[in-house]
Amino acid sequence: MKYLKIIGQQPLQGEVKISGAKNAALPLLASTILAKNSVNIDNLPNVVDINTLLKLLEMLGSSFEKTSNNSICINTSNIHETKATYDIVKTMRASILVLGPLLSRFGHCEVSLPGGCAIGQRPVDLHLKALEQMGAIIEIKAGYIIATAPNGLKGATIVFDKITVTGTENIVMAAALAHGTTKIINAAKEPEVVQLCEVLKEAGLDIKGIGTNEIEIVGTAQKLLEFKDFSIIPDRIEAGTYLCAGAICNTKLKITNVVASHLDAVLSKFEEMGFSIQKDANTITILPAQKIKPFKLTTTEYPGFPTDMQAQFMALATQAHGVSIVDENLFENRYMHVNELLRMGADITLKGHTATITGTPNELTGTDVMATDLRASSALVLAALVAKGETNIHRIYHLDRGYEKLEEKLEGIGANVARFDE
Ligand code: UD1
């Protein structure tokens, strides 16, 4: 196993180029199961989660060629297997994204149940209920979801009880090859869902209501789609994380290859804290605050404040002058970073899903901490950047799941960071 050593309080400055969005790339890769042609995909982040899904698609019979570090050409025409096995799914919950497209193309598939997850229970009941409404027969047997629809899926009106990102994506892909029209009510509106819908529309799918909470899809009755080549949108969470690096060190930092409108809720939180934000076509610059002010935030679905930025803002709250309140509404156990931040000297109390952080600038001290999930780990990196002395972050494989070239990008802005074997 590897760990990261960060020596804090280095002067940061410069620019960071943001990679393609992991959470957009995952459903888009899964969607190529619906393609009749080879598809070129650009701006694909080279991170472990993407390589895991590529491995799964390969196990199913797809082939792909890396045409550069961040682009591939993928062909799914030879898929002959429809089982996503436990050894893959256990390493990445998002493997569930093959369920909708496999079932709509082949009329059967088996996907291992994702099981436990560090940030809470995270069931897939809403995905399954929606597929059943579309005529699927679903059995749970020996830890596997076994789904069949021998005559194909049928269009249906699906009302999601809760807004679910991967649930919406799965049903959009299932509906694409279904017989008849599917309406998804209370659909997710995240930019990653929007890009999936747009790519499918470009591929000839009749889809309306993109980016709204009501999506309507006329299925092709199992006719495969003719995909156009596409480029993955920038990663808004990676972008937000590097802006937090600028904020936590209270320094000027520019990020490039980003869509500022995807970050509205995050940018306005920075402004509330006293930072200034400059935006242009595809860059955002954060400028230091005279005095970092405390804040209140509640995580919610897009366009609200993203749960995937909650941990990073909690790290940032430790540097504010006063008491900040963070309310986590989407996942019940997404506070695994709290204990680690406490070890670094943070003052945080937890009550239910609310965290109260009393900030005192420059009070964190480096120590050994443990990464627990992807975003919790990035909060520890941020805290380490501003802490006195040396922080060793263990179990960094969590970071490698979603942050491309982390050390290279941090070093590029002046951080003192290195990776070592345990
Ligand atoms: C996606 C993102 C993840 C992000 C999350 C919320 C990907 C690969 N992952 O995860 O980074 O943190 O959205 O923005 O895109 N729920 C159910 N039953 C279900 C499905 C969801 O109860 O069948 C609940 C979840 O437990 C959670 C809420 O709905 O409380 C939202 O979860 P969801 O949007 O589905 O998260 P993911 O799609 O797994």
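Read the numbers this way: they start at 1 and go in the same order the structure lists the ligands and their atoms.
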If the threshold is 4.0 Å, N to carboxylate O, is there a salt bridge linking Lys129 and Asp161? yes
Quick one: does ligand 1 sit under 4.0 Å from the side chain of Met309, the backbone, both or neither, non-hydrogen atoms only? neither
Go through ligand 1 atom by atom and flag the ones less than 4.0 Å from a non-hydrogen atom of Thr307. 6 (C), 12 (O), 14 (O)
Between Asp308 and ligand 1, which part of the residue brings a heavy atom under 4.0 Å of the ligand: side chain, backbone, both or neither? side chain
Compute the shortest N/O to N/O distance between Arg334 and ligand 1 and return yes if it is under 3.5 Å, no if not. yes
Show the atoms of ligand 1 that are less than 4.0 angstrom away from any heavy atom in Arg93. 39 (O)
The single option from Val89, Leu57, Ile88 that satisfies side-chain contact (heavy atoms from CB on, under 4.5 Å) with Thr52 is Ile88
Show your reasoning for whether side chain to side chain donor-acceptor pair (under 3.5 Å) applies to Thr82 and His108. CA-CA 7 Å; Thr82 57; His108 58 86; 3.1 Å; yes
Distance under 4.0 Å to a non-hydrogen atom of His127: what atoms of ligand 1 satisfy this? 23 (O)
Could you list the atoms of ligand 1 found under 4.0 angstrom from a heavy atom of Leu330? 27 (C), 30 (O)
salt_bridge(Lys409, Glu238) N-O dist < 4.0 Å: yes
Out of Leu126, Ile96, Ile163, Asp161, whose heavy atom is nearest to atom 31 (C) of ligand 1? Ile163
So Phe313 and Phe270, would you call those rings parallel, tilted or perpendicular, with 30° and 60° as cut-offs? tilted
Which option wins on minimum heavy-atom distance to atom 13 (O) of ligand 1: Asn329, Val165, Asp373? Val165
For Thr164 and ligand 1, does the shortest N/O to N/O distance drop below 3.5 Å? yes
Over 12 foreign heavy atoms within 6.0 Å of CZ, Phe64: yes
Closer than 4.0 angstrom, basic N to acidic O: yes or no for Glu202 and Lys228? no
Hey, is ligand 1 close enough to Pro123 that some N/O pair sits below 3.5 Å? yes
Within 45° cone of Tyr144 ring axis and under 6.0 Å: Lys83 NZ or CZ: yes
Please determine which of Asp49, Asp308, Asp235 meets the salt bridge (Lys or Arg N to Asp or Glu O under 4.0 Å) test together with Lys22. Asp49
So, regarding Phe331 and ligand 1 (criterion: nitrogen or oxygen to nitrogen or oxygen, under 3.5 Å), is there a contact or not? no
Out of Lys162, Lys22, Met92, Glu192, indicate the one that has the non-hydrogen atom closest to atom 29 (O) of ligand 1. Lys162
